[in-house]
2 protein chains.
Amino acid sequence: MDPSSFDEPQPEAVTPTAERVRDADRTRADILDVATTEFSEQGYAGARVDEIAAKTRTTKRMIYYYFQSKENLYLAALERAYEMIRASEREVDVQGLGPREAIRRLAELTFDHHESHPHFIRLVTIENIHGAKHIAKSESLPGLADPVLEVLSEILRSGRAEGEFRDDVDALDVHMMISAFCVFRTANRHTFKAIFDRDMLDPRYRAHYRTMLGDMVLDYLTAR
Amino acid sequence: MDPSSFDEPQPEAVTPTAERVRDADRTRADILDVATTEFSEQGYAGARVDEIAAKTRTTKRMIYYYFQSKENLYLAALERAYEMIRASEREVDVQGLGPREAIRRLAELTFDHHESHPHFIRLVTIENIHGAKHIAKSESLPGLADPVLEVLSEILRSGRAEGEFRDDVDALDVHMMISAFCVFRTANRHTFKAIFDRDMLDPRYRAHYRTMLGDMVLDYLTAR
DNA sequence: CTACGTATTAACTAGTTAGTTAAGTACAGC
DNA sequence: GCTGTACTTAACTAACTAGTTAATACGTAG
């Protein structure tokens, strides 16, 4: 899995033109890209439909045409965030690795793609401010469960079979531990830097934090 | 340190009365309590000054009288959140404990008071959505650095002197690791439950997560 | 008791907001 | 070419929002 192949939404370059070309998919995607950025930067309540519209190549009317409401637009952005994260995690490949190597690989790849999608991390954080009430309305919610949980379960099972891993935690616990570290680094970045004068996303610290995460999970699982 | 002595802000019982009793401190505190709850539940952009006023025993005018603006009110709530967390951490007592016991104690006490102050955790999260731009205006910002960092440094130094702890991480790294776990449990609670059907704040899991945190930090620091 | 400053209540307001109405037009099918 | 529909632009709107103005009155000093 190559993190660089999963880019943040980038609004396409504006092409000034007087003619009106109809392209429903492009218009819809343009709105969704802009909205994702705007919601992740301003939050759900703080983002403005007028502002989103102004940053697209179309008008506010089309937002309602395609998405019906501000909430639906936000929900569409949120669903896409989850789907993209899940799609990338489906490509986690730990085949042929021992349990120790596999868990470290998985932790590091999780770290990588969290880092590649700060907008999506922030969207999840914002959705928690709203008590997950929007995602609760998503018809795709049942499919959002993390496929990496199955991979994790298999690694844990394998590690225990070899007498290497502790057996008082489940795959979801380990997933939580890894996610907490990766999410915190993005989600709490600004206050952390303001108070401690250390930007956790500064490239100078990247390798250190990446290793720290792998060590943390591995040391925990292999402790006696 | 007793977690139950640090309560969340609770608006005082309403006393219906036609007379107008002046008590500036009480009015100010009432506003701040209500605002803290409202901002932590709705976010900065989502909270409404009218709504905050309606939930106090006074009128919107007094919010502007005492706090001048919505932003100043939010900032006052935020500063108070930090000060309360810091005050409680100043009472962390690990005197007389060996490094291993001290680190576990500290991790667990951090866990406890994060759990006791969900509103404050959420306020910090919300402030990160806004890029820490409000707290940057706080005149008390220089005093918000975490006093527990000094305690942590001393524990690490002691653990290394006894040849028990690794030496490739600093006190801030360990603080980050502990905070990530404790913050995630509150800040991401809702989406986590929606997707994985596990409420991380459910009392049934409390002991498990508390032990998990202590083990995680200790196993990491003592790993060879 | 009076005066004054501070605290408080009540009503008002200009600008903003999510959403709506109306009109225009591209495009495919016939 | 005509028609109908989906896509698009432009303008409008009722309700909401943070903040303001005006009036009232409490509490204390003299």
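Just so we're on the same page: letters track the sequence lines, and every chain starts at 1. These values consider heavy atoms only, across backbone and side chains, with no hydrogens, waters or symmetry-generated copies.
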- Query: Think R198(B) forms a cation-pi with F192(B), using NZ or CZ under 6.0 Å from the six-ring centre and within 45 degrees of its axis?
  - Reply: no
- Task: For the pair Y44(A) and Y74(A), name the ring-plane relationship: parallel under 30°, tilted 30 to 60°, perpendicular over 60°.
- Result: tilted
- Message: Checking T56(A) against D30(A): is there a side-chain donor and acceptor pair closer than 3.5 Å?
- Response: no
- Note on the structure: Whole-Å distance, M62(B) CE to dT8(C) P, equals 4 Å
- Using the six-membered ring wherever Trp is involved, compare the ring planes of H113(A) and H117(A) and label them parallel, tilted or perpendicular (cut-offs 30° and 60°). perpendicular
- Measure the shortest side-chain to side-chain distance between R48(B) and Q42(B) over non-hydrogen atoms and say whether it is less than 4.5 angstrom. no
- Message: If you define the side chain from C-beta out and look only at heavy atoms, does anything of F67(B) sit under 4.5 Å from L75(B)?
- Response: no
- Message: Side chains of Y209(A) and F181(A), heavy atoms from C-beta outward: is any pair under 4.5 Å?
- Response: yes
- Classify the nucleic acid contact of T59(A) as base, sugar-phosphate or nothing, counting any heavy atom under 4.0 Å across all strands shown. base
- With sequence neighbours left out, the residues meeting side-chain hydrogen bond (donor to acceptor under 3.5 Å, both in side chains) with S138(B) are E79(B), S140(B)
- Message: Test of understanding: with side-chain hydrogen bond (donor to acceptor under 3.5 Å, both in side chains), list the residues that count as partners of E115(B), not counting sequence neighbours.
- Response: R185(B), R206(B)
Distances for protein N or O near nucleotides 11-14 of chain C N or O, under 3.5 Å:
none

- Query: With respect to the phosphate group of dT8(D), does any side-chain polar atom (N or O) of T27(A) fall under 4.0 Å of OP1 or OP2?
  - Reply: yes
- Close side-chain approach of L78(B) and F39(B), heavy atoms under 4.5 Å: no
- Donor on one side chain, acceptor on other, E127(B) and H190(A), under 3.5 Å: no
For nucleotides 26-29 of chain C, tabulate all protein N/O to nucleotide N/O atom pairs closer than 3.5 Å, reporting atom names and distance.
residue, atom, partner, partner atom, Å
dA26(C), N3, R22(A), NH1, 2.7

- Query: What does Y66(B) touch in the nucleic acid at a heavy-atom separation under 4.0 angstrom: a base, only the sugar-phosphate, or nothing?
  - Reply: sugar-phosphate
- Item | Atom pair distance, as rounded to whole Å: OH in Y64(A) and C1' in dC7(D) | 18 Å
- To the nearest 10°, let me know how far the axis at one end of the helix from dC1(C)-dG30(D) to dC30(C)-dG1(D) is tilted from the axis at the other, five pairs an end. 0°
- Item | Nearest-Å distance for atom pair OH/C1', residues Y65(B) and dA23(D) | 15 Å
- Task: Check the distance between dT17(C)'s C1' and K70(A)'s NZ and give it to me in whole angstrom.
- Result: 8 Å
- Item | Length of the CG-P vector between D25(B) and dT6(C), whole Å | 15 Å
- Separation of atom CD1 in I31(A) from atom C1' in dA18(C), rounded to whole Å: 15 Å
- d(CD1, I63(B); P, dG19(D)) in whole Å: 10 Å
- For the residue pair I121(B) and H114(B), establish whether any side-chain heavy-atom pair is separated by less than 4.5 Å. yes
- Message: Test side chain to side chain donor-acceptor pair (under 3.5 Å) on T36(B) and R80(B); report intermediate values, then the result.
- Response: CA-CA 9 Å; T36(B) 298; R80(B) 192 174 67 157; 3.2 Å; yes
- Query: Quick one: does K55(A)'s side chain have a donor or acceptor within less than 3.5 Å of a partner on I31(A)'s backbone?
  - Reply: no
- Message: Just to be sure I understand the geometry, which residues of residues 38-53 of chain B put a non-hydrogen atom under 4.0 Å away from DNA chain C?
- Response: none
